[in-house]
Amino acid sequence: MAKQKRKVPEVTEKKNKKLKKASAEGPLLGPEAVPSVDGASSKGGAVLRPVPDAELELSPEEQRVLERKLKKERRKEERQRLREAGLAAHHPPARRSGAELALDYLCAWSQKHKNWRFQKTRQTWLLLHMYDRDKVPDEHFSTMLAYLEGLQGRARELTVQKAEALMRELDEEDPDPLLLGRVQRIRQVLQLLS
């Protein structure tokens, strides 16, 4: 059985090479497709005809794989031609960061936009980073507190639990002047939600 597994890739590889070579040359022609010398077609003369795919003995899966490879190569060649012509390839616009998206989500909530809708990923990001002044600036924190008032269910419980745990952790450590802003934010969240 091991010998068969080794032979299958070789056979597929040969078929792929054959089909690739044939597609690069143009339409496939049968063995009787040798044109006559004078170009006229007589009874015994050659007739040009395409070779059906069945004669290549490629399974549908092999054909799909080969077509994908050929399509990829055509795209690569097209990009190369564009590069040589000096045209820059079309690049999609840069994606916005999670912080920007989350803060936009918060601002849209505060302005009560008609197209605002709840997004769990944005809320989760805000709840994870609301104590960090670099990620949620002070001008957005008051809006964040207003957003937290409407927090319900498990999200509210977890937020309170995490805030209490952070407070205990910070109380045990020596007071660091850099963490005073964080402590103040944690206290505000606890006062609001408790």
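Keep in mind that the numbers below use all heavy atoms, side chains included, and drop hydrogens, waters and symmetry copies.
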Visitor: Nearest 0.5 Å, what's the NE2-CG distance between His129 and Asp134?
Guide: 11.0 Å
Visitor: Who passes salt bridge (charged side-chain N to carboxylate O under 4.0 Å, His left out) against Arg133, sequence neighbours left out?
Guide: Asp138
Visitor: Once side chain to side chain donor-acceptor pair (under 3.5 Å) is applied, do any residues pair with Trp109, and if so which ones, sequence neighbours excluded?
Guide: none
Visitor: Can you list everything that forms a side chain to side chain contact (heavy atoms under 4.5 Å, CB included) with Arg117? Sequence neighbours excluded, please.
Guide: Gln119
Visitor: Gln80: which residues meet the side chain to side chain contact (heavy atoms under 4.5 Å, CB included) condition with it, sequence neighbours left out?
Guide: Arg83, Glu84
Visitor: Just grab all the salt bridge (charged side-chain N to carboxylate O under 4.0 Å, His left out) pairs involving residues 148-164, residues at least two apart or on different chains.
Guide: Arg154-Glu157
Visitor: Side-chain contact, heavy-atom cut-off 4.5 Å: Thr121 with Leu101?
Guide: no
Visitor: Taking salt bridge (charged side-chain N to carboxylate O under 4.0 Å, His left out) as the definition, give me every residue that meets it alongside Glu67, ordered by chain and number, with sequence neighbours left out.
Guide: none
Visitor: Test of understanding: with salt bridge (charged side-chain N to carboxylate O under 4.0 Å, His left out), list the residues that count as partners of Glu61, not counting sequence neighbours.
Guide: Arg64
Visitor: Can you list everything that forms a salt bridge (charged side-chain N to carboxylate O under 4.0 Å, His left out) with Arg95? Sequence neighbours excluded, please.
Guide: none
Visitor: Quick one: does any side-chain atom of His140 pair with a main-chain N or O of Val136 as donor and acceptor, under 3.5 Å?
Guide: no
Visitor: Under the side chain to side chain contact (heavy atoms under 4.5 Å, CB included) rule, collect the residues that match up with Thr124, sequence neighbours excluded.
Guide: Lys120, Leu128
Visitor: Which residues satisfy the side chain to side chain donor-acceptor pair (under 3.5 Å) test with Arg75, sequence neighbours excluded?
Guide: none
Visitor: Mind checking side chain to side chain contact (heavy atoms under 4.5 Å, CB included) for Lys114 and listing every partner two or more places apart, or none if nothing turns up?
Guide: none
Visitor: Applying side chain to side chain donor-acceptor pair (under 3.5 Å), can you list everything that pairs with Gln123, at least two apart in sequence or on another chain?
Guide: Tyr147
